[in-house]
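In this text the structure is predicted, and so the values were computed from the model without any measurement. Computed over heavy atoms, backbone and side chain alike; hydrogens, waters and symmetry mates excluded.
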Amino acid sequence: MADEKLTPRNEDFSEWYNQIVQRAELADYAPVRGCMVVRPYGWALWENIQQALDRRFKETGHVNAAFPLFIPMSFLEKEKEHVEGFSPELAVVTIGGGEKLEEPLVVRPTSETIIGYMYSKWIQSYRDLPVLINQWGNVVRWELRTRLFLRTLEFYWQEGHTAHSTEKEAREETLRMLDVYADFAINEGAVPVIKGVKSQTEKFAGANMSTTIEAMMGDTRALQSGTSHFLGQNFAKAFNIQFLDENNTLQNAWTTSWGLSTRFIGAIIMTHGDDQGLVFPPRLAPIQAVIVPILKGEAENAAVMETVHRVFAELKAAGIRVKLDDRTEVTPGFKFNDWEMRGVPLRIEIGPKDVEKGTVALARRDTVRAANTGGTPVRDGKPGREGKSFVPQVGLAAAVAETLTDIQKSLLEKATAFRDSHIFDPKDYAELTEVVQNGWAYSWWCESAECEAKVKEDTKATTRCIPLDQPEGHGKCIVCGKDAKHKVYFAKAY
Ligand SMILES: [Zn+2]
């Protein structure tokens, strides 16, 4: 499997993506069209994503709970925009236990409604607020065009739902969680993201304001990687989430919701992957380092394996996610290709010479064969010299940890440099239509839906976000020339 060449990224990015997801055994197609099976290697990545996020949620005062998969149809109908937005994507259960149900049940596409219903029972007084609950689970949206991880009928995610006594507090929460997502994406995923506000057209159905982290993939298309919504009092009014304030006056609560899904796995793949395969950021990689013994002759094998086992135990004890590849039926060269394809950040080779000298060879996934990543992959099983170093066995755990930290840093720098070199500030509309073919346009926009629609019709690019960081002053809308208060990113998106 590892011997087959991947389609190069610059030849067919989409085909490269599909091949890599399956060959690296991250996910597979399910018998139901549009559904995915997340395989153990992909799930291990998701578990690391979950842990990194969950830690941040708890540090910011949130707790986890679990709400039902089924939602009464009438609940969705209570919030007009919400039901309009989600209706085309709903899976509905009409029969249960062989009987036609009195009321159809929706398989949750998101849980604002059922959680809003429960909050109305739990919240009576200002003393009950804020409520800061997150749920890890799965949801179903009946999508027509699907891609593994990026868009599937069922996907895994977390959804946070909070209720507050004031608008100010709810708005702060919305931005706090956007910051949490950005911090996670940048520092764990090494995925540079831009924080911003969605346009009215692109916002979540039922929200007053949607915020997003947007990332640029290796083909320059944008990926919405996490969203945080300020829901105003829309769901509070629909579900009677009311409380008595300090003056004993009945008030509607202010709510937020925020989510990040298995889609982020797609972000990692498409941000860092190269023509050899996956490149995982060390902080999220299921396997951070793989040890490959180099066995040359029977006489030395025992000594090599003894060192290998000792090194393995030391690294494991130091908390490094290390794997020993002691397969004997395949060559070291095959193993090199295999683990490179699977994106393991660091390879540790140990052979007879290393035993003699008290060293090991470290080969970095991010720089090995760096010269080849843009062209034809080398399949000779010999790593390039670049990125390979020999380090003493004594103090190896510290050296490995340091190298992993450096790889993490390099990946973020590389991705940031790539993104920044593909963001353009077109001088006029004609230039905008060109730059969005292979990059993002960062332009003044009057915020009218007409101008947004024209760009989409002419180029397929949509507004990705109005970034929170804005230049001073005003400008002229790149489409219509009218006064514009904000700059926006236009890009083709997944
Ligand atoms: Zn305009």
Side-chain angles (χ1 to χ4, degrees), residues 9 13 17 20 45 48-49 52-53 56 149-150 175-198 202 210-228 258-274 278-285 343 345 364-367 370 373-374 404-425 435-436 438-443 461-471 486-494:
R9 294 191 318 157
F13 194 84
Y17 177 85
I20 212 172
L45 177 64
N48 290 342
I49 291 171
L53 279 172
R56 286 167 168 81
F149 292 120
L150 300 176
L175 294 179
R176 181 181 304 118
M177 300 324 286
L178 186 69
D179 282 339
V180 163
Y181 286 152
D183 177 60
F184 157 79
I186 294 166
N187 295 311
E188 306 282 349
V191 175
V193 291
I194 292 171
K195 294 185 287 183
V197 178
K198 283 282 178 194
E202 298 279 330
S210 287
T211 64
T212 175
I213 49 169
E214 296 284 325
M216 184 188 285
M217 302 295 97
D219 61 351
T220 77
R221 284 170 78 177
L223 187 81
Q224 176 180 301
S225 305
T227 48
S228 180
W258 27 275
L260 187 145
S261 74
T262 35
R263 198 167 209 233
F264 197 81
I265 292 176
I268 291 173
I269 298 167
M270 293 193 289
T271 299
H272 303 302
D274 62 22
L278 297 169
V279 180
F280 279 160
R283 291 185 63 93
L284 296 178
R364 291 170 60 137
R365 176 63 179 90
D366 63 327
T367 50
T373 53
L404 291 173
T405 304
D406 195 58
I407 294 170
Q408 181 82 26
K409 188 165 154 272
S410 298
L411 290 180
L412 179 61
E413 284 168 1
K414 194 176 155 203
T416 307
F418 176 82
R419 181 195 68 188
D420 292 348
S421 66
H422 289 86
I423 292 179
F424 306 99
D425 194 344
V435 301
V436 295
N438 190 34
W440 296 10
Y442 181 46
S443 301
T462 50
T463 60
R464 301 318 306 156
C465 70
I466 299 165
L468 299 183
D469 286 333
Q470 285 282 330
H486 298 115
K487 290 190 95 168
V488 69
Y489 289 102
F490 289 102
K492 292 188 192 177
Y494 281 98

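Of all heavy-atom pairs between Phe13 and Gly218, the closest is CE1-C, 3.7 Å. The two residues Ala190 and Leu411 come nearest to each other via the heavy atoms CB-CB, 4.0 Å. Residues Cys465 and Val488 come closest through the heavy atom pair O-CG2, 3.3 Å. In this structure, Leu284 and Leu45 approach most closely via the heavy-atom pair O-CD1, 3.4 Å. Annotation for Gly273 and Arg9: closest pair O-NH1, 3.1 Å, computed over non-hydrogen atoms. The minimum heavy-atom distance between His272 and Gly189, with the atom names listed, is NE2-O, 2.8 Å.
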Assess whether side chain to side chain contact (heavy atoms under 4.5 Å, CB included) is satisfied between Ile268 and Phe149, documenting all intermediate values.
CA-CA 11 Å; Ile268 291 173; Phe149 292 120; over 6 Å; no
Checking side chain to side chain contact (heavy atoms under 4.5 Å, CB included) for the pair Met270/Arg221: CA distance, chi angles, key distance, verdict?
CA-CA 10 Å; Met270 293 193 289; Arg221 284 170 78 177; over 6 Å; no
For Leu223 and Phe264, run side chain to side chain contact (heavy atoms under 4.5 Å, CB included): C-alpha distance rounded to whole Å, both residues' side-chain angles, the deciding distance at 0.1 Å, then the answer.
CA-CA 9 Å; Leu223 187 81; Phe264 197 81; over 6 Å; no
Before giving the answer on side chain to side chain contact (heavy atoms under 4.5 Å, CB included), spell out for Glu202 and Thr227 the whole-Å C-alpha distance, their side-chain angles and the decisive distance to 0.1 Å.
CA-CA 11 Å; Glu202 298 279 330; Thr227 48; over 6 Å; no
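Partners of Asp425 by side-chain contact (heavy atoms from CB on, under 4.5 Å), not counting sequence neighbours, listed by chain and number: Lys487. Legend: residues meeting side-chain contact (heavy atoms from CB on, under 4.5 Å) with Arg419, ordered by chain and number and at least two apart, are Pro192, Ile194, Met216, Thr416, Ile423. Thr211 pairs by the side-chain contact (heavy atoms from CB on, under 4.5 Å) definition with Thr174, Leu175, Leu178, Val197, Met209, Ser228, not counting sequence neighbours.
Here Arg364 pairs with Asp406 in a salt bridge; the nearest charged N to carboxylate O distance falls below 4.0 Å. Using a 4.0 Å cut-off between a side-chain N of Lys or Arg and a carboxylate O of Asp or Glu, Lys409 and Asp366 do not qualify as a salt bridge. In this structure, Asp469 does not pair ionically with Lys195, as no charged nitrogen and carboxylate oxygen lie closer than 4.0 Å.
Distance check: Asn187 CG to Gln408 CD gives 8.0 Å after rounding to the nearest 0.5 Å. The distance from atom CG of Asp179 to atom CZ of Arg56, rounded to the nearest 0.5 Å, is 11.5 Å. Considering CG of Leu404 and CZ of Arg283, their distance stands at 10.5 Å, rounded to 0.5 Å. Interatomic distance, Ser225 OG to Phe184 CZ, rounded to the nearest 0.5 Å: 9.5 Å.
Judged by the 6.0 Å and 45° rule, Arg464 forms no cation-pi pair with Tyr489.
Using a 4.5 Å heavy-atom threshold, the side chains of Thr212 and Tyr181 count as separate. The side-chain heavy atoms of Asp274 and Arg365, taken from C-beta on, include a pair separated by under 4.5 Å. Considering only heavy atoms from C-beta on, Leu150 comes within 4.5 Å of Tyr17 through its side chain.
Ring pair Phe424/His422 is perpendicular by interplanar angle, where above 60° counts as perpendicular and below 30° as parallel.
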